[in-house]
Amino acid sequence: MSALLSCFGCCGGSEETTPPSTTRKDEKKTTESKEQQQKSATSTIAQKTAATERETNVTVSNKPKVLIIYCKSRISYREDQQFNFFLDSTYGHIKKLADHVKKGLEKSGSCDVELFQVPETLSEDILKKMGAPPKPNDPVLTFENHDKLVNADGFIFGFPTRFGAVCAQMKAFFDSLGHLWQKGSLNGKLASFFFSTGTQGGGQETTAWTAISQLAHLGLLYVPCGYTFGSEMFSLEEPHGGSPYGPGTFAGADGSNQPTTYEVQYAEHLGKYFATVVQRFH
Ligand SMILES: Cc1cc2nc3c(=O)[nH]c(=O)nc-3n(C[C@H](O)[C@H](O)[C@H](O)COP(=O)(O)O)c2cc1C
C-alpha cells in the first residue's frame, strides 16, 4: 500500500516496489505448490464426478458448458406503422445466426451447448397492439434459472442493435444479474457477441463496445474473434456484417435482407472458435 501511495504503482522503480532477489526462488516454490494443489483439486473433482455418476447412474459431462443467449426482437412490420424504421424482425436474423453459432459449437464436439432467449420486457397487450410475431420455441432464461449461468463456463450473446447499442431486452437481462455480480459468480467466465443491424454503419461495432462494459462489470472475459475467420474478412466484393468483434448480419432497412452465406459461416466459425478458447480455460 505504501508503495502504491509513493508512486501510484506506475514506475515500479522505488526500493519499496523492487522485489528482493530471493523472491524468485520463493515464487518458484509458491508456483510449484500451487500446481500441486491444482493437481490434487483436479483429482478430487474427478473422484467426486465418478462417485456422483455411480450414485445417480447419470453420466456427468466433463466438457465445458457454453450457453448461447440471444434476444429475438418482437417488433414487426405493420402497414399502418407510422415510422418506417420499425420495419423489422419478423425474419429473426439473430435467431438464424444463433442457430449457426450453436452448430459450430456442436461440431467442435468439445462443449455442452444450450440455447436460450432472454425474457421479453413488453407486455402481451403491447406486443399484440404492435402485431409482434410469436417467439421461437427456445427456452427463456428466467431469473429462477440463473444457476445455469453460474454452472456454465462461457456465454455467447446475440442481439439486434437499437440506436447503436444492445436492445432493451438484452440490457434488462444484464441488469437482472445484479445478484450474481454481488457474489462474483460470473468472474473469469468467457463471453462473445454476435449482432444484427439494419444497415452497414448502423453500429455493430458501437454495439460491441457498449456491451463490453456489461462484461467488465460482471467480470466476464471478452473473446473477440479477431481475424480468425480468415482472409475473406478483408474482401470488399460483397457487403457483409461482422468484424473482429464478432459475426453480424445486415437485416436491411425493411428487415427483408437475409443473412448471407459469409455471415452464417462466420457465425458457425464463432461457435468453433469459442469452443477452442473455452477448452483452454477449462
Ligand atoms: C427502435 C429500433 C432501433 C434500431 N436501431 C438501429 C441502429 O441503430 N442501427 C441499425 O443499423 N439498425 C437499427 N435497427 C434495426 C434493427 O437492428 C434490425 O431490424 C435488427 O437487427 C433485425 O434483427 P432481428 O430480425 O433479429 O430482430 C433498429 C430497429 C429498431 C426497431
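Just so you know, residue 1 is the first one in the sequence shown, and it goes up from there. Both counts, for ligands and for their atoms, begin at 1 and track the order of listing.
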Thr161, Leu97, Thr199, Thr207: member with heavy atom nearest to atom 17 (O) of ligand 1: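 Going through Thr161, Leu97, Thr199, Thr207 one by one, Thr161 has the nearest heavy atom to atom 17 (O) of ligand 1.
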Atoms in ligand 1 with a heavy atom of [X] nearer than 4.0 Å:
{"X": "Ile94", "result": "26 (O)"}
{"X": "Gly164", "result": "7 (C), 8 (O)"}
{"X": "Gly202", "result": "7 (C), 8 (O), 9 (N), 10 (C), 11 (O)"}
{"X": "His93", "result": "22 (C), 23 (O), 24 (P), 25 (O), 26 (O)"}
{"X": "Ser196", "result": "17 (O), 20 (C), 21 (O), 22 (C), 23 (O)"}
{"X": "Gly92", "result": "25 (O), 26 (O)"}

Ring center gap for Phe194 and Tyr70 short of 6.0 angstrom: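 Centroid separation for Phe194 and Tyr70: 6.0 Å or greater.
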Ring center gap for His179 and Phe143 short of 6.0 angstrom: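 Yes, the ring of His179 comes within the 6.0 Å limit of the ring of Phe143, centre to centre.
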Heteroatom distance test (Lys95, ligand 1): nitrogen or oxygen, under 3.5 angstrom: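 No: no nitrogen or oxygen of Lys95 is under 3.5 Å from one in ligand 1.
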Gly203 N/O under 3.5 Å from ligand 1 N/O: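 No; every N/O pair is 3.5 Å or more apart.
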Close approach of Gly255 to ligand 1, heavy atoms, under 4.0 angstrom: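 Heavy atoms of Gly255 never come under 4.0 Å of ligand 1.
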The single option from Phe155, Phe159, Trp209 passing ring pair (Phe, Tyr, Trp, His ring centres under 6.0 Å) against Phe193: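 For Phe193, the ring pair (Phe, Tyr, Trp, His ring centres under 6.0 Å) test succeeds with only one of Phe155, Phe159, Trp209, which is Phe159.
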Side chain, backbone, both or neither: Ala251 near ligand 1, heavy atoms under 4.0 Å: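 Just the side chain.
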Residues which pass side-chain hydrogen bond (donor to acceptor under 3.5 Å, both in side chains) with Gln204, listed by chain and number, not counting sequence neighbours: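 With sequence neighbours excluded, Gln204 shows a side-chain hydrogen bond (donor to acceptor under 3.5 Å, both in side chains) to Thr197, given in chain and number order.
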Note, Glu232 side chain near His240 side chain (heavy atom, < 4.5 Å):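 The answer is no; the side chains never approach within 4.5 Å.
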Salt bridge present between Asp99 and Lys103 (N-O < 4.0 angstrom):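 Between Lys103 and Asp99 there is no salt bridge, as every charged N stays at least 4.0 Å from the carboxylate O atoms.
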Under 3.5 Å side-chain donor-acceptor pair for Glu237 and Ser235: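 No, Ser235 and Glu237 have no side-chain donor paired with an acceptor closer than 3.5 Å.
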Interatomic spacing from NE2 in His269 to OH in Tyr262 - rounded to 0.5 Å: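 Result: 9.5 Å between the selected atoms.
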